[in-house]
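Take a look at the structure below.
Naming: A, B, ... by sequence-line order, numbering from 1 per chain.
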2 protein chains.
Amino acid sequence: MPSDDRKKSRVTLLDVARHANVSRATASLVIRKSPLVGAETRARVEAAMRELGYVYNMGAARLRAERSHTVGVIVPNLTNPFFAELLSGIEAVIDSAGMVVILANSGDLVERQDMVMRRMREHGVDGVILCPAADTAPEFVERIGEWNLPLVQLLRHVSKDVDYAGVDYAAGMRQAVDYLASLGHRKIAFAVHGPIHSAYLERIEGFREAMVSRGFDPGMIIRVPYQTARIPGSAHLLFDKAEKPTAVICFNDVVALGLSAGLHDLGREVGENFSLVGFDDVAEAEVMRPRLTSVSTGPVTIGENAARLLLDRLIDPMLPPRRVVKETQLHIRQSCAPLAVTTL
Amino acid sequence: MPSDDRKKSRVTLLDVARHANVSRATASLVIRKSPLVGAETRARVEAAMRELGYVYNMGAARLRAERSHTVGVIVPNLTNPFFAELLSGIEAVIDSAGMVVILANSGDLVERQDMVMRRMREHGVDGVILCPAADTAPEFVERIGEWNLPLVQLLRHVSKDVDYAGVDYAAGMRQAVDYLASLGHRKIAFAVHGPIHSAYLERIEGFREAMVSRGFDPGMIIRVPYQTARIPGSAHLLFDKAEKPTAVICFNDVVALGLSAGLHDLGREVGENFSLVGFDDVAEAEVMRPRLTSVSTGPVTIGENAARLLLDRLIDPMLPPRRVVKETQLHIRQSCAPLAVTTL
DNA sequence: ACGCCCATTTAGATCGATCTAAAATCTTTT
DNA sequence: AAAAGATTTTAGATCGATCTAAATGGGCGT
């Protein structure tokens, strides 16, 4: 009984059809839930499929029908929990549309992104959700459109003419600045890191605008290391210049966690004599001490938005380009204090 | 110029062949890098492919060749950073073998797992890497083998007869207990959470064994909530019983972060008058204060192991079942203190 | 009984690659 | 120069579905 029917190839639609005394074409109609087949016939075919243990061969279907029920998702970094949540949202929506996601990691490198993109085409994905690697040329994204391959840009955009799902970073920065200003802070630093892309620039620009619109100095921007473990050790950068900040806004929560630890090491009491606000509002924000005040971006929702954008475009490829940018929300916890207390 | 050649279908191998003045068969051989074709011919065909912008149609190839260059990866939870890292390792190895990963989320639900598994079969994956949902029956996993679908179990195992890539959880628990014992602790609690599966049981069993082998009471096991945000509030559970622990080992770092915060809230000084060791050694361990002492499991490596196991089996399906369990390593930082100090 | 219309069902071509087995070409040997 | 052998190339069948266009069968009006 071990390798009994090892030779016998898989059950095909033709087998099902024969077993149910119908033609291949009718069996095909049953699978696709066509209203054309009679109720009795349908039942017979369905029974046959069950009895024979038939498994639909998507590959064969795709060849003829030009739909693979597959979408490609390309992210620059799987390790970052933020992308994991994003992916979770994408997967959920794609899955509920009866499709599957093919995952790839560009490592934020344009050459790898080229490779990966080609691979996706070879696999005949119906569409792609792409978080473009830093330094991606607009032509790259536009060329994909010329291939008639539906695409949505995720989090970062390089072309105005292609769908985009992201976050209103500028507004998020404004919320952070406004909040700190309401606590009396005027000397606010911005701690950034990582590769430079649209989301990076939007945040910087949002910070600048919010600061100058209040007459604050927007020049206190420091760059911390990309490697998580080295962030705490770079907290001193905040105080290296002549002008010392009383608060810092962080590029994301990874930076926030790191600086929070680093400030602690420098003897600063975050939430008492120094204020810190994060960005992304990851789950850890709630379990650190002091609890992290953070601008929430909601990665799962963003992923869902992106997936829905793509699904819509699959239905109607002629839709004009759309952008859905999610509003951020400031989640106030305990990492900020009024300036009065600070100077006390 | 917009919808100019919209009708014209994709460039096919036949087009390439014609353009290079060879037959379809020869062109096919060139693609597959067969040594049969002459150098001059090969160059001509390759030039033709480049000129026409040919894209390989994996779907068509698969239909004939019974290989999809695709592997399915099913995880119970994408949101958990641990799985994200795991996935990163898998993706890297699979990608470098020229294959792609199809991703799915079972939500730790066996019914969804059934669905997802069927979907994978329909898409004709060459093999599957599965982290079985809690309560998965051994038959489920064994049936997959009967379908001649190569499978490797990830992190959790439900059948001895199927490849497995995971971690030596029991040894990890021993390392944690040994370390705490060396600091003089005898009353050690174990804080667990989440669904129950082999990895869960192995950890519990490892803890028990390590404790009884030293003559310590292995009964101080507490269950904290699964939801991250509610873990800090459950720290009091550690002290609800008559016997109070002086140290706690955590099921994973999510629990560790949460309890660390909760203990702080209760006025305990972790790393001074209470000791805590985590499990997994995630990146955050380095940026929390006190720095978290944690048993490192190395998710990226585990993912790589799993992928390699699958790749090997793809080459030789008749290989006997193998298990590669990674050794853990205790990463000592600052969250534990000698008992002497505690009682001082 | 006949033609007509509706609802079902079907044969056969098709998608774009791979595979087999044989043919064509080029070398070498005798 | 022919035979044998090695190297390249190729025609045509094939994988398992979908699609088109046509066939089948029943019910109904006249």
Side-chain angles (χ1 to χ4, degrees), chain A residues 7-46 48-49 52-70 98 119 121-126 148, chain B residues 7-46 48-49 52-70 98 119 121-126 148:
Chain A
K7 271 279 146 50
K8 185 245 230 34
S9 77
R10 70 151 74 198
V11 177
T12 156
L13 198 49
L14 185 56
D15 299 327
V16 172
R18 273 203 275 259
H19 193 266
N21 265 321
V22 296
S23 72
R24 207 160 69 264
T26 305
S28 177
L29 291 176
V30 170
I31 286 183
R32 286 175 287 154
K33 309 198 190 310
S34 157
L36 291 181
V37 294
E40 198 271 336
T41 314
R42 151 163 294 125
R44 210 147 30 96
V45 173
E46 278 167 352
M49 301 202 314
L52 299 181
Y54 170 74
V55 182
Y56 185 64
N57 185 333
M58 190 73 72
R62 132 189 336 184
L63 184 55
R64 188 75 237 269
E66 314 268 58
R67 285 259 343 239
S68 67
H69 295 271
T70 275
R119 198 108 83 189
R121 285 224 283 163
E122 294 184 343
H123 279 274
V125 295
D126 291 336
N148 287 348
Chain B
K7 272 276 146 54
K8 186 246 233 26
S9 78
R10 72 151 73 199
V11 177
T12 156
L13 198 50
L14 186 56
D15 300 327
V16 171
R18 273 203 276 259
H19 193 267
N21 265 320
V22 296
S23 72
R24 205 160 71 265
T26 305
S28 176
L29 290 176
V30 171
I31 286 182
R32 287 174 287 153
K33 310 200 190 308
S34 157
L36 290 181
V37 294
E40 198 271 336
T41 315
R42 150 163 295 124
R44 209 148 30 98
V45 173
E46 277 167 351
M49 301 202 314
L52 300 181
Y54 171 73
V55 181
Y56 186 65
N57 185 333
M58 190 73 74
R62 130 189 339 182
L63 183 54
R64 188 75 239 268
E66 314 267 59
R67 285 260 343 240
S68 68
H69 295 270
T70 275
R119 198 107 85 189
R121 284 224 284 163
E122 293 184 345
H123 280 274
V125 294
D126 291 336
N148 287 347

Among [options], which nucleotide sits nearest the side chain of [X]?
X	options	answer
V37(A)	dA17(C), dT9(C), dA17(D)	dT9(C)
L63(B)	dC19(D), dT9(C), dC15(D)	dC15(D)
Y56(A)	dT9(D), dA17(C), dA17(D)	dA17(D)
L29(B)	dT10(D), dA17(C), dT18(D)	dT10(D)
A25(A)	dT18(C), dA11(C), dA17(D)	dA11(C)

Original post:
Base, sugar-phosphate alone, or nothing: which one does T12(B) contact when heavy atoms must sit under 4.0 Å apart?
Top reply: sugar-phosphate
Mind checking whether [X] and [Y] have side chains closer than 4.5 Å, heavy atoms only?
X	Y	answer
R121(B)	R10(A)	no
T12(B)	N57(B)	no
T70(A)	H123(A)	no

**OP:** Look up atom CG in L13(A) and atom OG in S23(A), then write down how far apart they are to the nearest 0.5 Å.
**Re:** 9.0 Å
Report the distance from atom [atom1] of [X] to atom [atom2] of [N], rounded to the nearest whole Å.
X	N	atom1	atom2	result
R18(A)	dG16(D)	CZ	C1'	13 Å
E40(A)	dA7(C)	CD	P	19 Å
R62(A)	dT14(C)	CZ	C1'	17 Å
R24(A)	dG16(D)	CZ	C1'	8 Å
E66(A)	dT14(C)	CD	P	15 Å
L36(A)	dT9(C)	CG	P	9 Å
R10(A)	dT14(D)	CZ	C1'	15 Å
M58(B)	dA17(C)	CE	P	11 Å

On the nucleotide [N], are OP1 or OP2 found under 4.0 Å from the side-chain N or O atoms that [X] carries?
X	N	value
S28(A)	dA17(D)	no
S23(B)	dT10(D)	yes
R67(A)	dT18(D)	no

Subject >> Toward the 5' end of DNA chain D, by each residue's nearest nucleotide, A65(B) or N21(B) >> reply: N21(B)
Original post:
Hey, which of these two, T41(B) or R64(A), hits DNA chain D nearer its 5' end, going by closest nucleotide?
Top reply: T41(B)
Subject >> Test side chain to side chain contact (heavy atoms under 4.5 Å, CB included) applied to M49(A) and V11(A), V16(A), V55(A), D15(A), the passing residue >> reply: V16(A)
